[in-house]
Student: 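Sending over a structure as structure tokens; questions will come in a sec.
Protein chains get the first letters and strands the later ones, always in sequence-line order, with residue 1 at the start of each.
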Protein chains: 2
Amino acid sequence: MSEQKQSLMNLLETGATYYLSHISLDCVVFGFHENQLKVLLLKMKDRDKWGLPGGFVRKEESVELAANRVLKERTGLDNIFLQQFHVFSDPDRSNNKDLIESARKTGIEVTEDNWFAQRFISIGFYALVEFSQVKPTADAISDDCTWWDLQEIKSLMLDHNLILNKALETLRLHLNYQPIGYTLLPDKFTMPELQKLYETILGKKLDRRNFQRKITGYGILKRWEERRSGVAHKAPYFYSFDTEKYKQALQEGLDGGW
Amino acid sequence: MSEQKQSLMNLLETGATYYLSHISLDCVVFGFHENQLKVLLLKMKDRDKWGLPGGFVRKEESVELAANRVLKERTGLDNIFLQQFHVFSDPDRSNNKDLIESARKTGIEVTEDNWFAQRFISIGFYALVEFSQVKPTADAISDDCTWWDLQEIKSLMLDHNLILNKALETLRLHLNYQPIGYTLLPDKFTMPELQKLYETILGKKLDRRNFQRKITGYGILKRWEERRSGVAHKAPYFYSFDTEKYKQALQEGLDGGW
DNA sequence: GCAAAAGTGTTGAAAGTACACCCATGG
DNA sequence: CCATGGGTGTACTTTCAACACTTTTGC
């Protein structure tokens with residue numbers, strides 16, 4: 001028996017023992033690569049549906065710890081930047097029909113009264129990670145785990161489109177209150193890259209010059225002498241966040257409507 | 001047997017039948033009266049502790065419906081403005097020792113394995129109500145229900161201080177994106193009253209004249225010919241919200257940092 | 001040398017801030 | 001008649017928004 005199948009059977013049999021009933025969590029993991037905002041998705045086993053990485057809450061852990069544990073499994077990273085943003089609790093949102101069907105397709109029997117078949121209320125988290133550091137890893141009910149361009153994401157399983165949209169909406173609202181640039185970009189980045197990130201999150205174009213003035217005005221960036229070379233135009237400078245000043249500035253919020 | 005005691009015994013015995021396990025909700029109900037921001041609190045039976053109104057989620061309802069149901073019982077009002085804002089899930093936040101102790105004091109035996117004694121994850125809601133319309137009503141585990149001035153609230157049961165603080169913090173962030181004035185004030189109110197509300201939520205003084213200009217600038221207020229009389233100074237005009245324009249304005253957010 | 005994209009600067013409009021002045025009312 | 005607090009106005013400053021011009025680089 002494959003390791004994955006074993007782990008799925010484990011979940012179905014022992015879920016009720018280790019996890020709180022009725023409570024699940026789903027994570028919208030954002031990354032930024034090649035000037036695109038990306039989201040980490042899992043492909044359901046033997047089906048053409050994709051969904052958000054999720055999991056359950058162990059009887060002795062907080063939901064934050066649970067989300068951290070789940071994301072460590074899916075990305076290889078520990079202590080990811082995580083924010084819970086909404087609870088999804090429509091009674092019809094899921095009786096896990098989809099998951100059970102997936103399980104059956106791998107040849108596992110799931111009875112109606114299985115722990116897995118109950119109603120779940122899901123706590124939505126969004127996570128911000130540095131794209132290059134993630135090693136996407138599928139879980140017991142999926143057979144693929146990869147990054148998707150935000151624009152290319154179509155119909156997801158269950159209410160995951162709803163969850164994704166709400167995450168995006170929240171991300172926009174949090175843009176000036178959370179270390180969003182800091183956690184999504186690599187240590188060194190250029191101004192155009194940072195601007196593209198903001199534009200993608202906000203869903204609108206920003207003026208190059210005004211953006212630069214405003215963002216540097218916060219005093220949270222450090223410019224390097226070094227530039228990005230190899231481009232067919234003037235080489236842009238590298239920047240890094242001054243983490244100390246960034247954190248300080250976030251206390252009050254980087255106000256101003258973009 | 002009192003009606004309340006009966007209802008408490010019912011809860012303990014049949015909780016597991018009607019409610020989802022491990023999930024509770026707590027509501028921070030804000031009202032505004034005599035230029036003070038108030039919060040609705042319950043006094044625990046036979047103890048000197050106060051706490052937030054809370055409840056559980058029925059097996060067939062969403063958490064929003066559950067909160068609405070709970071608040072209907074505590075305030076007499078239906079369809080209150082409600083926003084979930086955070087999930088509180090520290091494993092040690094509550095094994096309901098407090099509640100069980102309260103129950104015991106009313107002469108009801110609660111065993112260790114009772115549904116009530118399990119670990120609960122609580123979903124925090126804040127609610128905004130028009131003070132004068134509320135009829136505070138205690139529940140099965142409390143013997144009093146009244147409004148408290150925000151400033152006078154001291155130590156609450158369990159992690160309810162934490163919940164309250166987080167609610168306030170969220171309220172501040174939402175000030176320009178939610179119909180906060182509209183739901184907290186009576187139909188007619190004066191400019192100084194509205195200003196005091198903003199000041200209380202934000203926790204700082206605002207300039208009287210600039211406040212007036214800014215808030216009227218949004219075009220969401222309607223001024224009446226009528227004034228508030230009986231005060232030992234110039235009588236202020238009454239205002240009302242133009243609900244249509246208010247909702248419209250909220251779509252984009254009433255931006256600007258106060 | 002030319003297209004593409006970066007760095008820097010200017011300017012007028014809008015918004016925010018800090019005030020001063022007058023007015024109505026009850027005691 | 002005066003203390004209290006409301007209504008309105010103005011002048012200064014800061015920020016925002018829309019621009020133009022120059023510089024660097026690969027082809």
Student: How long is the line joining OH of B:Tyr237 and C1' of D:dT8, in whole Å?
Tutor: 11 Å

Student: Taking only residues at least two apart or on different chains, which pairs with a member in residues 194-217 of chain A satisfy ring-ring contact (aromatic ring centres under 6.0 Å, His included)?
Tutor: A:Tyr198-A:Phe211, A:Tyr198-A:Trp258, A:Phe211-A:Trp258

Student: Counting C-beta onward and ignoring hydrogens, is there a side-chain heavy-atom pair between A:Asp90 and A:Asp159 closer than 4.5 Å?
Tutor: no

Student: Write out all pairs satisfying salt bridge (Lys or Arg N to Asp or Glu O under 4.0 Å) with one or both partners inside residues 26-37 of chain A, taking only residues at least two apart or from two chains.
Tutor: A:Asp26-A:Arg93

Student: Evaluate B:Lys45 against B:Asp143 for salt bridge (Lys or Arg N to Asp or Glu O under 4.0 Å), listing each step before the verdict.
Tutor: CA-CA 5 Å; B:Lys45 224 164 239 179; B:Asp143 53 24; over 6 Å; no

Student: Are OP1 or OP2 of D:dG6 and a side-chain N or O of B:Gln212 less than 4.0 angstrom apart?
Tutor: no

Student: Measure from CG on B:Leu206 to P on D:dG6 and round the result to the nearest Å.
Tutor: 14 Å

Student: Parallel under 30°, tilted from 30 to 60°, perpendicular over 60°: which one fits the rings of A:Tyr126 and A:His174?
Tutor: tilted

Student: Given the side-chain rings of B:Phe189 and B:Phe241, with only the six-membered ring counted for Trp, is the space between their centroids under 6.0 Å?
Tutor: yes

Student: Can you pull the salt bridge (Lys or Arg N to Asp or Glu O under 4.0 Å) pairs that have at least one residue in residues 188-200 of chain A, sequence neighbours excluded?
Tutor: A:Lys188-A:Glu226, A:Glu193-A:Arg228

Student: Between N or O atoms, less than 3.5 Å apart, protein on one side and nucleotides 12-15 of chain C on the other: list the pairs.
Tutor:
none

Student: How long is the line joining CG of B:Asn176 and P of C:dG16, in whole Å?
Tutor: 11 Å

Student: Suppose we screen for side-chain contact (heavy atoms from CB on, under 4.5 Å). Which residues come up paired with A:Arg172, at least two apart in sequence or across chains?
Tutor: A:Leu168, A:Ile201, A:Leu202

Student: Just the rounded figure in Å: distance from C1' of D:dA17 to NZ of A:Lys205.
Tutor: 17 Å

Student: Using side chain to side chain donor-acceptor pair (under 3.5 Å), reason through B:Asn68 and B:Asp78 one step at a time and then give a plain yes or no.
Tutor: CA-CA 7 Å; B:Asn68 191 76; B:Asp78 207 348; 2.8 Å; yes

Student: Output one letter per nucleotide in nucleotides 20-27 of chain C: B when a protein non-hydrogen atom lies under 4.0 Å from the base, S when only the sugar-phosphate is that close, - when neither is.
Tutor: B--BBBS-

Student: Of A:Arg213 and B:Asp207, whose nearest nucleotide on DNA chain D comes first from the 5' end?
Tutor: B:Asp207

Student: Check the distance between D:dG7's P and B:Glu225's CD and give it to me in whole angstrom.
Tutor: 13 Å

Student: Whole angstroms only, please: what is the CD-P distance between A:Glu193 and C:dG7?
Tutor: 11 Å

Student: Which part of the nucleic acid, if any, lies within contact of B:Arg223, taking any heavy atom under 4.0 Å across all strands shown: a base, the sugar-phosphate backbone alone, or nothing?
Tutor: sugar-phosphate

Student: Rounded to the nearest Å, what distance is computed from the OH atom of residue A:Tyr239 to the P atom of nucleotide C:dA6?
Tutor: 11 Å

Student: Mind calculating the distance between CG (A:Leu194) and C1' (C:dG7) to the nearest angstrom?
Tutor: 16 Å

